[in-house]
Participant: 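One structure follows; several queries about it will come next.
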Amino acid sequence: MSASVASNLLAWFDRTQRDLPWRRCRDPYAIWVSEVMLQQTRADTVRPYWERFMKRFPSVRELAEAPLDDLLKAWEGLGYYRRVRNLQTAARQIMSRHGGQLPADASALRALAGIGPYTAGAVASMAFGLAEPALDGNAVRVVSRLYEVAGDVSSAGVRAELEAKIRALLAEKSARSRPGDLNQALMELGATHCAPQSPRCEACPVRSECRGWLGGEPARLPLRRRKAPVPFAEIAVALCVEGDRVLVARRPETGLLAGMMGFPAVVLQDGESLEEGSVRALAVVGLRGEPIGPLLSYPFVFSSLRSRHQVILVRRSGGEPAGGAFFADRQELAALALPAALAPIRQVLDSAGDWHVLAAPTGVTMPVADAALGSEAAVG
DNA sequence: AACCCGGGGTA
DNA sequence: TACCCAGGGTT
């Protein structure tokens, strides 16, 4: 019936595909790294990270043997930091299970840390030419519209249905020798034409085959259940400066920003003041302390949490840093991988000529924060 | 199946 | 603002 869909997609892809650096190489390792970076992350964002990462960690072995802090620094700002931990776990699994070479097998790939159904299919098809579907968010949108699949795409059954549609496309004669390109063509079409809200159907290479377009309302698909509202949290951040050093602490191994370095912080409970929260944050890392005064406040939106970070200066009155916390000088702070949510604080510290003024008992220097932050980030 | 996990682009 | 993105892991 639609034997031309695959060939039309491939011809269009050959004509218009974006020039992405990982498309220039055939190294399975390089393709794998790019696919992990591309999880929930746009190609234009990934590009510079991938270039730097490949120079610094050019092979599975170097990734497997790298210090975790170096990996986190290379990942700084990309988010979902669990990805890079899993990447190293998988590199070590590849060393021990597969002699340092990525396995040319979807099931074996799927068994590696951080590789799920999508990434297994993507690497299998792009790096090894296997006929495996790579069903990402783009492909979900394109395929659900192409075949007017009207079920909830977050359900396992509908996902299987969509994968079956892709398998059928991969089996078409024109696609048999290039499954990776067909998968990429589906994703490319979703990224550039088959947009969530306003698809550019006029320029679509498979419009005449698209049941969604023929039905007149392609943008109503795909269907998914409504997501729960995003909760809000007030976060108290204790900034403890002593001389030319600032207290940093490693976050818990579970939950938000697991295992990342940061400044002592707690989520304020109902009725708890910023000052009380800051004392509690210090206690977590083994210090007694007293609040000096607020330094800055800014909103930060995660995908699963809206927050307001309230940064308050504190002074240690006793105790020693415990549990991975320590006082870092400027050089040590610069070397730490910090999540983007803490970037405004790093910026204040970087632009403050002398940290002593931040530790002053009175007359908190708000102009420093205002100058460093910009109007959007500074919230009262 | 539901929930959690960063960050950023875009309509 | 709301949505969603070359998703995966845990429970």
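In what follows, chains carry the letters A, B, and so on, assigned in the order in which the sequence lines appear, proteins first and then strands, with residues in each chain numbered from 1. Note that these values count all heavy atoms, side chains included, but never hydrogens, waters or copies made by symmetry.
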Participant: If only side-chain N and O atoms count, and only distance matters, is there a donor-acceptor pair under 3.5 Å linking E35(A) with Y118(A)?
Facilitator: yes
Participant: Evaluate the ring pair (Phe, Tyr, Trp, His ring centres under 6.0 Å) criterion for residues F57(A) and F53(A): first the C-alpha distance (whole Å), next the side-chain angles of each, then the deciding distance (0.1 Å), finally the verdict.
Facilitator: CA-CA 6 Å; F57(A) 312 103; F53(A) 197 95; 4.8 Å; yes
Participant: Atom CD of residue position Q17(A) - does it have more than 12 heavy atoms of other residues, nucleotides or ligands inside 6.0 Å?
Facilitator: yes
Participant: Output the rounded distance in Å from CH2 (W22(A)) to P (dA6(C)).
Facilitator: 11 Å
Participant: OP1, OP2 of dC5(C) versus side-chain N and O of R141(A): anything below 4.0 Å?
Facilitator: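 Affirmative; the distance criterion is met.
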Participant: Looking only at side-chain atoms of R225(A), point me to the closest of dA6(C), dA2(B), dC5(B).
Facilitator: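 Closest of the options to the side chain of R225(A): dA2(B).
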Participant: For S7(A) and E172(A), does a side-chain donor sit closer than 3.5 Å to a side-chain acceptor?
Facilitator: no
Participant: Closer to the 5' end of DNA chain C via nearest nucleotide, is it R224(A) or R110(A)?
Facilitator: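 Closer to the 5' end of DNA chain C: R224(A).
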Participant: Kindly indicate whether the side chain of S297(A), heavy atoms from C-beta on, has any atom under 4.5 Å from the side chain of R308(A).
Facilitator: yes
Participant: Look at the rings of H193(A) and W12(A) and say which category their plane angle falls in: under 30° parallel, 30 to 60° tilted, over 60° perpendicular.
Facilitator: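 Ring orientation of H193(A) relative to W12(A): perpendicular.
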Participant: Rounded to the nearest angstrom, tell me the gap between atom NE2 in H193(A) and atom C1' in dA6(C).
Facilitator: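 My rounded result for the distance is 18 Å.
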Participant: Mind checking if A113(A) touches a base, just sugar-phosphate, or nothing, with heavy atoms under 4.0 Å?
Facilitator: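 Result for A113(A) = sugar-phosphate.
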Participant: Determine the contact category for A156(A): base if any of its heavy atoms lies under 4.0 Å from a base atom, sugar-phosphate if only primed atoms, P, OP1 or OP2 are that close, otherwise nothing.
Facilitator: sugar-phosphate
Participant: Does a side-chain N or O from S154(A) land closer than 4.0 Å to OP1 or OP2 of dA2(B), or not?
Facilitator: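 S154(A) to dA2(B) OP1/OP2: no side-chain N or O under 4.0 Å.
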Participant: Take the protein atom CE of M37(A) and the nucleotide atom P of dG6(B), then report the distance between them rounded to whole Å.
Facilitator: 16 Å
Participant: Round to a whole Å and report the spacing from CG of N138(A) to P of dC3(C).
Facilitator: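 Atom-to-atom, N138(A) to dC3(C), this comes out as 18 Å.
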Participant: Cation-pi check for Y147(A) against R145(A): NZ or CZ below 6.0 Å from the six-membered ring centre and within 45 degrees of the axis, yes or no?
Facilitator: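 No, cation not above the ring by the 6.0 Å, 45° rule.
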Participant: Determine whether the aromatic ring centres of residues Y298(A) and F300(A) are separated by less than 6.0 angstrom.
Facilitator: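 Centroid distance F300(A)-Y298(A): not below 6.0 Å, so no.
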Participant: When the P atoms of dC4(B) and dA6(C) are compared, how many Å lie between them, rounded to an integer?
Facilitator: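 To the nearest whole Å, 24 Å.
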Participant: In whole Å, I'd like the distance from the CD atom of Q39(A) to the P atom of dG8(C).
Facilitator: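 Answer to the nearest Å: 5 Å.
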Participant: Looking for any heavy atom pair under 4.0 Å, which part of the strands does L186(A) touch: base, sugar-phosphate only, or nothing?
Facilitator: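 It contacts nothing in the nucleic acid.
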Participant: Which whole number of Å gives the distance between the P atom of dT11(C) and that of dG6(B)?
Facilitator: 16 Å
Participant: Rounded to the nearest angstrom, tell me the gap between atom CZ in R83(A) and atom C1' in dC5(C).
Facilitator: 11 Å
Participant: Closer to the 5' end of DNA chain B via nearest nucleotide, is it T254(A) or Q197(A)?
Facilitator: T254(A)
Participant: Write down the distance between CG (L221(A)) and C1' (dC4(C)), rounded to a whole number of angstrom.
Facilitator: 16 Å
Participant: For the pair made of CH2 in W75(A) and C1' in dC5(B), what is the distance, rounded to whole Å?
Facilitator: 14 Å
Participant: For nucleotides 7-10 of chain B, tabulate all protein N/O to nucleotide N/O atom pairs closer than 3.5 Å, reporting atom names and distance.
Facilitator:
| residue | atom | partner | partner atom | Å |
| --- | --- | --- | --- | --- |
| dG7(B) | OP1 | Y81(A) | OH | 2.6 |
| dG7(B) | OP1 | A340(A) | N | 2.6 |
| dG7(B) | OP2 | A341(A) | N | 3.4 |
| dG7(B) | O3' | G77(A) | O | 3.4 |
| dG7(B) | N2 | Q40(A) | O | 3.4 |
| dG8(B) | N2 | R42(A) | NH1 | 2.6 |

Participant: Please work out if W50(A) contacts a base, only the sugar-phosphate, or nothing of the nucleic acid, heavy-atom cut-off 4.0 Å.
Facilitator: nothing
Participant: Looking at R306(A), does any N or O in its side chain come under 4.0 Å of the phosphate oxygens OP1/OP2 on dA2(C)?
Facilitator: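 So the side-chain polar atoms of R306(A) do come within 4.0 Å of the phosphate oxygens OP1 or OP2 of dA2(C), strictly under.
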